[in-house]
Amino acid sequence: MGANRVVRGVRIEHVCGDPTLSSDGDRELNLRIVMTALRALTTRVDGPTIFDPADTEMREVAGVA
Amino acid sequence: MRVIHYVNQFFGGIGGEDHANEPPRLVEGPVGPGRALAAALGKRGTVVATIICGDNYSVERPDDTNAFVLDATRKHKPNVIVAGPAFDAGRYGLACGAVCQIAREAGIPAVTAMVPDNAGIAVYRRHMICLPTGSNVAGMPEIMQRMAEMSVRLASGASLGSAAAEGYVPTGHRKDVMLDKTGAERSVEMLLARIRGAPVQSEIVIRDYDHVPPTPPLKTLKGVKVGIVTSGGLVPKGNPDRIPAARAEAYSRYDIGSMPELETGKWESIHGGYGHKYVNEHDPNYVVPLRSLRALERRGEIGSIYPWYLATVGNQTAVNEARKMGRQIASEFKAAGVGACVLIPT
């Protein structure tokens, strides 16, 4: 569909988080997904590419929760 | 067979771009390329009248132009309307598409012709029979021959076969047909043909979407202003801009300039295509992740956040409307010095 940098979300109804997690866990996942988007923006791609939040290295996660 | 022909101011012999605001006029008989159409029709039909209209006028005042076209049909009672060919002219292509749609709605068959990537096809493909052309005007006699043949077919009331069989631009409509073999048999035959290396034609043509060349990566996001866009339909509670739940044609912007995060209960998704419970009752940051972006802003991992987020509903949105919004968003961001964008769809 023309999008070249795609981050894998959780579900359509809660793309950037997971309400079944604890509040802290949910906030950390939200941050992880956003950080994955930033990683995508700084990564060279040749065509549509999926970036998985599980592969994103996290630092100072406590800042959000 | 009585034919009305529609042309723009250029092909109608009125003038070039400086006459693009000309209101429509009705002339008896064929004009300009209409003579090639008359020749191609021969004894089978007569070009009884020609509508000539400026390119700007037709796209800027569609209602007036449509009314004029309908008046002309009442006066001349055509069996078919021929519009163009518009070749690669965008406004002319849009005008020809509009003429075909209004004719069809009035029960009069119509045919036009233009290059396959003319904007007229993107907008009107579902409402018109359009023959593909090249962009070279020298192809006029051959195109007029094809338009004449199609006019005769349409005016006779014969039902057309598929776009591939008849040579018109696919309209996006699917028709039910009865075949002797089941889908299972046909798909196995296709599979075997593929294994043999024989040509295979899918029964369902999937529309080919844009292939966008990827933008080069940013070296860093430090110091970069980040814009937030969502097609998840997140708006202030009450939907002040009345964004529709489907088929949106515009986006809105909402102030987040001083907010640390989107507060639950103050925002809602009005998107018509997914369940809102989690976004509306649990956390709107699922769709506009402001809280996390603020944390990254505080840490200096991004420069700043554009003080409005942009929202629309991505639900049954026409590709050309989405493209239009994309262009508008890109120019808004460029003007504001936004260097990166996160777009959250749902």
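Bear in mind that the values here come from a model prediction, so they are computed numbers and not experimental data. First the proteins, then the strands, lettered A, B, ... as listed; each starts at 1.
- Taking a 6.0 Å sphere around NZ of Lys324(B), one finds it holds more than 12 heavy atoms contributed by other residues, nucleotides or ligands.
- With a 4.5 angstrom heavy-atom cutoff, Ile302(B) touches chain A only via side-chain atoms.
- Contacts of Arg5(A) classified as salt bridge (Lys or Arg N to Asp or Glu O under 4.0 Å), with partners at least two apart in sequence or in another chain: none.
- Annotation for Tyr278(B): atom OH does not count as buried by contact number, only 12 or fewer foreign heavy atoms lying within 6.0 Å.
- Note: Tyr286(B) and His14(A) have tilted aromatic rings, judged against thresholds of 30 and 60 degrees for the angle between ring planes.
- Taking the side chain as every heavy atom from C-beta outward, Val212(B) and Asn4(A) approach each other to under 4.5 Å.
- Under the 4.5 Å side-chain criterion, counting only non-hydrogen atoms from C-beta, Val279(B) is not in contact with Val15(A).
- Under the 3.5 Å distance criterion, the side-chain polar atoms of Asn30(A) are left unmatched by any main-chain donor or acceptor of Pro289(B).
- Across every non-hydrogen atom of Ser292(B) and Arg27(A), the tightest pair is OG-O, 4.3 Å.
- Contacts of Asp26(A) with chain B are made by side-chain atoms alone, with heavy-atom separations under 4.5 Å and no backbone atom involved.
- Contacts of Ser269(B) with chain A are absent, with no heavy-atom separation under 4.5 Å from either backbone or side chain.
- Counting heavy-atom pairs closer than 4.5 Å to chain A, the top-ranked of the candidates Val287(B), Val226(B), Asn285(B) is Asn285(B).
- In this structure, the portions of Thr42(A) lying under 4.5 Å from any heavy atom of chain B include both its backbone and its side chain.
- Other residues, nucleotides and ligands contribute over 12 non-hydrogen atoms within 6.0 Å of the CG atom of Leu191(B).
- When Pro216(B), Pro217(B), Gly273(B), Gly232(B) are compared by the number of non-hydrogen pairs under 4.5 Å with chain A, Pro217(B) comes out ahead.
- In this structure, CG on Leu31(A) lies 9.0 Å from CG on Leu293(B), to the nearest 0.5 angstrom.
- No more than 12 heavy atoms of other residues, nucleotides or ligands sit less than 6.0 Å from atom CG of Asp46(A).
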